[in-house]
**Q** 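Got a structure here, written out as structure tokens. Questions coming.
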Amino acid sequence: MELNRFFFAEHDNTSNLIFEKNGLENFIYFKDITINLIDNILYSNKTFVNRLDDENLTTKESFQNLLDSIKKIDLLHPIYLLEKNKNNYIIVSGWRRFHALKEIYKVDKNKIFFNKAIILKKETPLEILETISINENTKRKDLTLLELSYKFNKLAARKGVTIEECLKQFNIGKSQFYAIKKAIDFHPLIKGTMLETVGAIKADLLNKILEKLLVLYPKNKAQSLLFEYSKKSKDDLKDILKSLDEDTNQNNSFEIKKNSNITILKIKEDLTEEHHLKIRVFFKELFKNR
């Protein structure tokens, strides 16, 4: 059975096309990662673990970077597990990710990573299991734009590292660097469905457009317009953004300013105490549900 590189791509939760392309859909299914799943993994069984950095793994800088990344931008790449017996699994790929998740569940036992466990059935051929194990654990993966954004932010925060050094290291232009760097703070709709497809610079424009659309229209209409705009060129998006700026500036009773660390909402109205209370309750609920 031929296994090409598409099998090892990030799984798209909306379809099984990646696996159907390789005739593997009969061997796999998906589960949410929860603390119960993690507790049922037989991590003492290292049949498919090819890594050599087990000793003091959690103290290594690379592991801490992985842990910080998952906490900040969620688990991007799934873990592959093989059914051993009822409710027990063996790690085929994702050894370091598994240990990072264990650390996360020490703090938050209710955390759920939706559809991020790819379960391989007992009858999966050994050839497939070994191919997944070797490919996932020994070959370097290209970073996604979201992973690059996380990395750029960490580099930019490091003392003594200049923007010019970052640009040289990754061989990209300044505008692209800043667009990627901002990606980690984009609206979830941009990060989840458009970033990798349209690229960082267009995604940056779409993110700004979405902010305006959500002020002018109900959520469903704003999202519908956003998907329509995502097919347009960068020049078209700049024109759309300019037009939306003019619309939102007319009779606008509030304005929003933000950077990567803080958002300021300025309301140009004489509000009652009841209004103030409603605003405080709204934001309390907003941050509680993040």
Side-chain angles (χ1 to χ4, degrees), residues 13-14 32-36 67-76 101 103-116 146 149-150 152-154 156-157 178-195 200 203-230 237-238 240-290:
N13 290 331
T14 63
D32 297 340
I33 296 178
T34 64
I35 189 171
N36 289 334
L67 180 58
D68 290 342
S69 174
I70 294 175
K71 288 178 179 177
K72 183 70 174 179
I73 61 176
D74 212 307
L75 181 65
L76 296 181
L101 294 173
E103 294 297 313
I104 288 172
Y105 282 118
K106 288 178 181 179
V107 177
D108 184 0
K109 290 180 169 55
N110 296 316
K111 180 72 174 176
I112 300 175
F113 297 91
F114 295 99
N115 276 350
K116 284 301 182 180
L146 207 54
S149 180
Y150 176 75
F152 286 178
N153 277 276
K154 288 208 68 174
Y178 282 114
I180 294 174
K181 184 172 178 288
K182 287 188 288 185
I184 200 167
D185 295 315
F186 286 171
H187 189 280
L189 188 62
I190 305 291
K191 289 193 292 189
T193 63
M194 295 184 181
L195 178 60
D204 186 25
L205 288 167
L206 288 167
N207 192 67
K208 293 173 182 175
I209 286 172
L210 180 58
E211 290 179 354
K212 307 293 182 182
L213 292 175
L214 289 171
V215 172
L216 294 168
Y217 303 107
K219 183 178 178 181
N220 288 342
K221 183 175 181 180
Q223 292 182 357
S224 177
L225 286 170
L226 181 72
F227 281 111
E228 180 183 329
Y229 293 157
S230 68
L237 292 178
K238 290 177 182 177
I240 291 169
L241 182 58
K242 183 178 179 181
S243 177
L244 289 171
D245 278 334
E246 293 173 355
D247 290 342
T248 52
N249 286 333
Q250 292 179 1
N251 300 320
N252 195 357
S253 61
F254 68 91
E255 61 182 86
I256 299 175
K257 294 182 180 180
K258 71 174 186 176
N259 57 34
S260 58
N261 298 315
I262 190 170
T263 299
I264 299 174
L265 172 63
K266 184 177 181 181
I267 301 175
K268 306 170 187 176
E269 294 285 345
D270 184 13
L271 301 180
T272 66
E273 286 300 320
E274 182 182 359
H275 288 144
H276 280 280
L277 177 60
K278 287 181 178 180
I279 290 171
R280 285 194 291 269
V281 170
F282 169 78
F283 280 107
K284 184 176 181 181
E285 291 298 316
L286 177 66
F287 291 118
K288 184 172 70 175
N289 294 327
R290 285 175 62 179

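Remember, it's a predicted structure, so these values are computed and weren't measured experimentally. Just so you know, these numbers use all the heavy atoms, side chains as well, and skip hydrogens, waters and symmetry mates.
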**Q** Is there a side-chain contact between F113 and I104 in this structure, where contact means two heavy atoms from C-beta onward sitting under 4.5 Å apart?
**A** yes
**Q** What distance separates D185 CG from T263 OG1, expressed to the nearest 0.5 Å?
**A** 8.5 Å
**Q** How close do H187 and N207 get, counting heavy atoms only, and between which atoms?
**A** N-OD1, 2.8 Å
**Q** Do the side chain of Y105 and the main chain of K111 share a donor and acceptor less than 3.5 angstrom apart?
**A** yes
**Q** State, with a plain yes or no, whether a side-chain heavy atom of Q223 is found less than 4.5 Å away from one of L214.
**A** no
**Q** For the pair N153 (side chain) and K181 (backbone), establish whether a donor and an acceptor sit closer than 3.5 Å, ignoring hydrogens and angles.
**A** yes
**Q** So, S149 side chain and I180 main chain: donor-acceptor pair closer than 3.5 Å or not?
**A** yes
**Q** Is there a side-chain contact between K116 and D32 (heavy atoms, below 4.5 Å)?
**A** no
**Q** Can you check whether L146 reaches D74 side chain to side chain, under 4.5 Å on heavy atoms?
**A** no
**Q** Going from NZ on K238 to CD1 on I209, what distance comes out if it is rounded to the nearest 0.5 angstrom?
**A** 11.5 Å
**Q** Please determine if K106 and E103 form a salt bridge, counting it only when a charged side-chain N lies under 4.0 Å from a carboxylate O.
**A** yes
**Q** Would you say K278 and E274 make side-chain contact, with heavy atoms under 4.5 Å?
**A** yes
**Q** Any non-hydrogen side-chain atom of F152 less than 4.5 Å from a side-chain atom of I184?
**A** no
**Q** Identify the two heavy atoms, one from A222 and one from Y217, that lie closest to each other, and give their separation to 0.1 Å.
**A** N-CB, 4.2 Å
**Q** Restricting to side chain to side chain donor-acceptor pair (under 3.5 Å), what partner residues turn up for K182, sequence neighbours left out?
**A** D204
**Q** Could you list the residues that satisfy side chain to side chain donor-acceptor pair (under 3.5 Å) with H275, not counting sequence neighbours?
**A** T272
**Q** Under the criterion side chain to side chain contact (heavy atoms under 4.5 Å, CB included), I'd like the reasoning laid out for D68 against Y150: C-alpha separation, chi angles, the key distance, then a yes or no.
**A** CA-CA 9 Å; D68 290 342; Y150 176 75; 2.7 Å; yes
**Q** Does any non-hydrogen side-chain atom of I190 lie less than 4.5 Å from one of L226?
**A** yes
**Q** Does any part of the side chain of Y229, heavy atoms only, come nearer than 4.5 Å to the side chain of L213, both counted from C-beta?
**A** yes
**Q** Indicate yes or no: does D245 engage K212 in a salt bridge with an N to O separation below 4.0 Å.
**A** yes
**Q** Side chain to side chain contact (heavy atoms under 4.5 Å, CB included) for I267 and I279? Distances and angles first, verdict last.
**A** CA-CA 11 Å; I267 301 175; I279 290 171; 3.7 Å; yes
**Q** Where is the tightest heavy-atom contact between L195 and A200, given as atom of each residue plus distance?
**A** CD1-CA, 4.1 Å
**Q** Can you measure from CD1 (I112) to CD1 (I35) and round to the nearest 0.5 angstrom?
**A** 11.5 Å
**Q** Could you give the distance from CG (N115) to CG (L75), rounded to the nearest 0.5 Å?
**A** 11.5 Å
**Q** Counting distance only, does the side-chain N/O of S230 pair as donor-acceptor with the main-chain N or O of F227 below 3.5 Å?
**A** yes
